[in-house]
**Student:** 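Next up is a structure, given as structure tokens.
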Amino acid sequence: MTPLFGRRPRQNSTEWAAGAPVSAPGAASAGESVEFRRPRWVVVVPVKPSARGKSRLDVEGVGRADLARAIALDTLASAAACELVAQVVVVSDDAALAREAATIPALRFVPEGEPRGLDAAVATGVAAVDPGGRMPRAALLGDLPALRSGDLADALRAASSVDRAVVADAEGTGSTLVTAGVGVEWASSFGEGSLARHTALGFHALPIADASTLRRDVDTAEQLAAAAALGLGPRTAALLAG
């Protein structure tokens, strides 16, 4: 068992606000010229039911299911707050997650059905919302409790210049984000060693800084401690604080 973590660094409160409801894709404010419009993304987040998630994450005094759900909720809130995201599609059969996420705007829940792995879950979300690829799409892991919406926006801006992109995890072997541009057929290959598979499939590895919160996914207590050093989201931090 791993002891609880210490006090988290102070965060700017705006980094964790869910944000105002997003406008319709492609909408521009009055007086905004076409060249300044930003592409808006559909972001698909697969989330296992909390009872099955994070089997390697063992923190003393904290229920694993509660911690997995808090991590997912902080990830979803930051993704929904990102200025380049039009909608976050959550692929999950976790009813408790759906209830607790009701206050986060721009979310749409899609049932996973029979569990068939991350790639199948992501494909289900993409097919439910934008099967024709009318908008740029991304798949984001749901275990990024330190994620800041600005780091996600930076990656999406960089991804907009290529057909397919991938962001490496902090260890440099996995993937935390994969993308496909408008009209590009969706593909992903998550799992152990996924970065090499994604690049072999033609995904462009984005040069995202090592310190980016987008790279720090969490499967173990040691990785959670590393995320805590970056600054955890409010739900995860509150749960660890007891």
**Student:** Find the distance between CD (Glu83) and CZ (Arg157) and round it off to the nearest 0.5 Å.
**Tutor:** 4.5 Å
**Student:** Using every non-hydrogen atom in the two residues, find where Ala158 and Ser161 come nearest and quote the distance to one decimal.
**Tutor:** O-OG, 3.0 Å
**Student:** Between Asp130 and Trp186, does a side-chain contact (heavy atoms from CB on, under 4.5 Å) hold up when you go through it step by step?
**Tutor:** CA-CA 10 Å; Asp130 190 11; Trp186 179 259; over 6 Å; no
**Student:** Do you know which two heavy atoms are closest between Ser194 and Ser189, and how far apart they sit?
**Tutor:** CB-O, 3.0 Å
**Student:** Rounded to the nearest 0.5 Å, what's the gap from CG on Asp169 to CG on Leu214? Could you check?
**Tutor:** 10.5 Å
**Student:** Please enumerate all residues that pass side chain to side chain contact (heavy atoms under 4.5 Å, CB included) together with Ala121, with sequence neighbours excluded.
**Tutor:** Pro46, Val91, Glu112
**Student:** Quick one: closest heavy-atom pair of Thr199 and Ala196, and the distance?
**Tutor:** OG1-O, 3.0 Å
**Student:** Measure from the side-chain N and O atoms of Arg216 to the backbone N and O of Ala170, and report whether any donor-acceptor pair falls under 3.5 Å.
**Tutor:** no
**Student:** Which pair of heavy atoms, one from Gly183 and one from Arg137, lies closest together, and at what distance?
**Tutor:** N-NH2, 4.0 Å
**Student:** Do Val182 and Val129 belong together in a cluster built from hydrophobic side chains that touch within less than 4.5 Å?
**Tutor:** no
**Student:** If I take atom CH2 from residue Trp41 and atom CG from residue Leu152, how far apart are they, to the nearest 0.5 angstrom?
**Tutor:** 9.5 Å
**Student:** List the residues meeting side-chain hydrogen bond (donor to acceptor under 3.5 Å, both in side chains) with Asp93, not counting sequence neighbours, and say none if there are none.
**Tutor:** none
**Student:** Counting C-beta onward and ignoring hydrogens, is there a side-chain heavy-atom pair between Val89 and Val42 closer than 4.5 Å?
**Tutor:** yes
**Student:** Are Val43 and Val162 linked, directly or through other ILVMFWY residues, by side chains that come within less than 4.5 angstrom of each other?
**Tutor:** no
**Student:** Is there side-chain contact between Thr124 and Val44, with at least one heavy-atom pair below 4.5 Å?
**Tutor:** no
**Student:** Transitively linked via ILVMFWY side-chain contacts under 4.5 Å: Val184 with Phe203?
**Tutor:** no
**Student:** To the closest 0.5 Å, what do you measure between CG (Leu239) and CG (Asp66)?
**Tutor:** 6.0 Å
**Student:** Between Asp143 (side chain) and Asp217 (backbone), is there a donor-acceptor pair under 3.5 Å?
**Tutor:** no
**Student:** Ala80 and Pro105: which non-hydrogen atoms are nearest, and at how many Å?
**Tutor:** CB-O, 3.3 Å
**Student:** Taking all heavy atoms of Ala72 and all of Leu97, pick out the closest pair and write down the distance.
**Tutor:** CB-CD1, 4.1 Å
**Student:** Got a sec, which residues hit ring pair (Phe, Tyr, Trp, His ring centres under 6.0 Å) with Phe109, two or more places apart in sequence or on another chain?
**Tutor:** none
**Student:** Check whether any side-chain N or O of Arg215 sits under 3.5 Å from a backbone N or O of Glu171 as a donor-acceptor pair, and report yes or no.
**Tutor:** no
**Student:** Taking the side chain as every heavy atom from C-beta outward, state whether Leu67 and Leu224 have any pair of such atoms under 4.5 Å apart.
**Tutor:** yes
**Student:** Verify, without hydrogens or angle tests, whether Ser78 (side chain) and Leu147 (backbone) share a donor-acceptor contact under 3.5 angstrom.
**Tutor:** yes
**Student:** When rounded to the nearest 0.5 angstrom, what distance separates CG in Leu76 from CZ in Arg235?
**Tutor:** 8.5 Å
**Student:** With side-chain contact (heavy atoms from CB on, under 4.5 Å) as the test, pick out the partner of Thr236 among Leu73, Val218, Ile71.
**Tutor:** Ile71
**Student:** Please lay out, stage by stage, how Leu240 and Leu232 fare under the test side-chain contact (heavy atoms from CB on, under 4.5 Å).
**Tutor:** CA-CA 10 Å; Leu240 293 176; Leu232 296 169; 3.5 Å; yes
**Student:** With rounding to the nearest 0.5 angstrom, report the CG to CG distance, Asp219 to Leu57.
**Tutor:** 8.0 Å
**Student:** Evaluate Leu195 against Thr173 for side-chain contact (heavy atoms from CB on, under 4.5 Å), listing each step before the verdict.
**Tutor:** CA-CA 5 Å; Leu195 181 64; Thr173 58; 5.6 Å; no
**Student:** Could you tell me whether the side chain of Ser188 and the main chain of Phe190 form a donor-acceptor pair under 3.5 Å?
**Tutor:** no
**Student:** Ser212 side chain to Ala209 main-chain N or O, any donor-acceptor pair under 3.5 Å?
**Tutor:** no
**Student:** Any non-hydrogen side-chain atom of Thr179 less than 4.5 Å from a side-chain atom of Val167?
**Tutor:** no
**Student:** With side-chain contact (heavy atoms from CB on, under 4.5 Å) as the criterion, how do Val85 and Leu156 come out once you've worked through the C-alpha distance, each side chain's angles and the decisive distance to 0.1 Å?
**Tutor:** CA-CA 9 Å; Val85 174; Leu156 294 177; 4.0 Å; yes
**Student:** Any side-chain to backbone donor/acceptor pair from Asp151 onto Ala155? Under 3.5 Å, distance only.
**Tutor:** no
**Student:** Output yes when a side-chain donor or acceptor of Thr75 lies under 3.5 Å from a complementary backbone atom of Leu144, and no otherwise.
**Tutor:** yes
**Student:** Using modelled atom types and a 3.5 Å cut-off, is there a donor and acceptor pairing between side-chain atoms of Arg164 and backbone atoms of Glu185?
**Tutor:** yes
